[in-house]
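First listed ligand is number 1; within each ligand, the first listed atom is number 1. The figures that follow rest on heavy atoms only: side chains count, while hydrogens, waters and symmetry mates do not. Here, residue 1 is the first one in the sequence, and each next residue gets the next number.
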Amino acid sequence: MSADSGTTRPSPPLPRDFVWGVSTSSYQIEGATQVDGRGPSIWDTHCRRPGAIANGDTGDVACDHYHRYQDDVALMRELGVRAYRFSVAWPRLLPRGRGPVNEAGLAFYDRLIDALLAANIEPWLCLYHWDLPQALDDLGGWTNRDSVGWFSDYAALVAHRYGDRVKRFATFNEPSVFTLFGYAFAWNAPAVGEPSAFHKAIHHVNLAHGATVDVLRSLVPAASVGCIHNRQPCFAAGNGPGDAEAAAKLDAYWNGAFPDPQILGHYPAAIAAVMEPWEQPGDLARICRRVDWFGVNHYGPIYARADAGAALGFAWADPPKDVPRSPIGWQVAPEAFRDTLLEVDRRYRLPVFVLENGAGAVEQPDAKAQVNDPERIAYLAAYTDALRAAREQGADVRGYFVWSLLDNFEWGSGYANRFGLVYVDYPTQRRIPKASAAWYARLIAGQPAAA
Ligand code: FCB
């Protein structure tokens, strides 16, 4: 399958050092939320809000990765991945977010990192994939400017402990998503729905990023540091008055509010005025620190429509009815992925790593206890072709990580939507590699990736 209609010519092979990987995150897979001294996070709280999560699911057990990490590293070894991106649960290391350190929590990531290195898999450590310690949210969370110090102190702890073995660090996963969904729309934790809280959170997360880049560089001289951005084209859902403006606004928040100040030193023009009240002299220089790469998470285009009654003046909208979609309804548009990679390369001039891409489905094993997932294979084939097309057109894309290694706790949809290359039977915790896992292993091994 070719992403570039009209091009049937095979792409040149990827360089030998191209990084194939898989990604996960702490709250989505670890479970063991009340084990070995871990403190509560805002997601533990959110899962207990009636109606917040489909089916009343929680991350209490998830994939029980906390206890089964060795099996999961063995699965990665079978896939042949060179790299694994995971996140550290801040409340596991610092149960109250700051202050007393939890040695048992630190020891867990020692074991995980050592197991990865023994399997010749490079650890890519993300400091924040949304599980803020609840004790810090009680103080205002990201709306409190003190969060900059809380976060950089936590980063220093991580760097001291693991910096001898870990060199790849991401400050944040998808800051645009957790701030918009958590502080503006109130869909995700901490479920605050207030524009001023949203704008403060944006600014403080940016400051925390800048401060943490400095901390990581000073404590881990060989550190390779970046931030992971969810980047998708934003389209108007209709032709009504204000729809194009709504899409431009969503684009500024979603695609620009973090990478622009972090890498270019300014907020996008469309939101500069609303950010100004929270800025202090010198802030943009504190935010704009040299990074080594740009992390892209990409799934498919997103849509907005005008909504005068909405606090931000726009509303999230569904894709048009007639577009190709994944089994869970997300738009499939590999050419948009290619264009996104080209655009990121041109705008930010950094090496690009795709740190999440994948397809969700509602699945179950067949009578032979196998999981055939041709739609996921088709998606991954089309998107990796699009990546090759972007490289051929000059984008400096150096790695690709599938979301996700395992089926896991998919935020508001709980366990209903599965993104794994490996099926997880939650009642027994049995792992069953899907057909897509074999497909990905062949792709990595450089064998013909027949679907
Ligand atoms: C991304 C998140 C990740 C996962 C995928 C499907 O936005 O970073 O945790 O939920 O979507």
- Task: Output the list of atoms in ligand 1 that are nearer than 4.0 Å to some heavy atom of Gln28, sorted by atom number.
- Result: 3 (C), 4 (C), 9 (O), 10 (O)
- Nearest non-hydrogen partners of Tyr162 and Leu106, listed with the distance: OH-O, 2.8 Å
- Query: Looking at atom 7 (O) of ligand 1, what's its closest protein heavy atom, distance included?
  - Reply: Glu174 OE1, 2.6 Å
- Do we see a donor-acceptor contact under 3.5 Å between the side chains of Asn206 and Tyr267? yes
- Is it the case that Arg338 places NZ or CZ above or below the six-membered ring of Tyr383, under 6.0 angstrom from the centre and within 45 degrees of the axis? no
- Message: Could you identify the single nearest non-hydrogen protein atom to atom 10 (O) of ligand 1 and state the distance to 0.1 Å?
- Response: Glu410 OE1, 2.7 Å
- Nearest heavy atom to atom 4 (C) of ligand 1 wins, so pick from Trp403, Trp130, Tyr27. Trp403
- Query: Given the side-chain rings of Trp142 and Phe172, with only the six-membered ring counted for Trp, is the space between their centroids under 6.0 Å?
  - Reply: yes
- Message: If I take atom CE from residue Met275 and atom NZ from residue Lys200, how far apart are they, to the nearest 0.5 angstrom?
- Response: 11.5 Å
- What are the atoms of ligand 1, with element, lying closer than 4.0 Å to any heavy atom of Trp411? 3 (C), 4 (C), 9 (O), 10 (O)
- Note on the structure: Under 4.0 Å from one or more heavy atoms of Asn230, ligand 1 contributes atoms 7 (O)
- Message: Measuring from atom 5 (C) of ligand 1, which candidate in Tyr299, Phe178, Phe181 has the nearest non-hydrogen atom?
- Response: Tyr299
- Sub-4.0 Å atoms of ligand 1 with respect to non-hydrogen atoms of Phe419: 6 (C)
- Query: Who's the nearest protein heavy-atom neighbour of atom 3 (C) of ligand 1, and how far?
  - Reply: Glu356 OE1, 3.4 Å
- Message: Aromatic contact between Trp124 and Phe353, with the criterion being ring centroids under 6.0 Å apart: yes or no?
- Response: yes
- Between Tyr84 and Phe86, what is the ring plane arrangement, given parallel below 30°, perpendicular above 60°, and tilted in between? parallel
- Query: For Asn173, is the nearest heavy atom under 4.0 Å from an atom of ligand 1?
  - Reply: yes
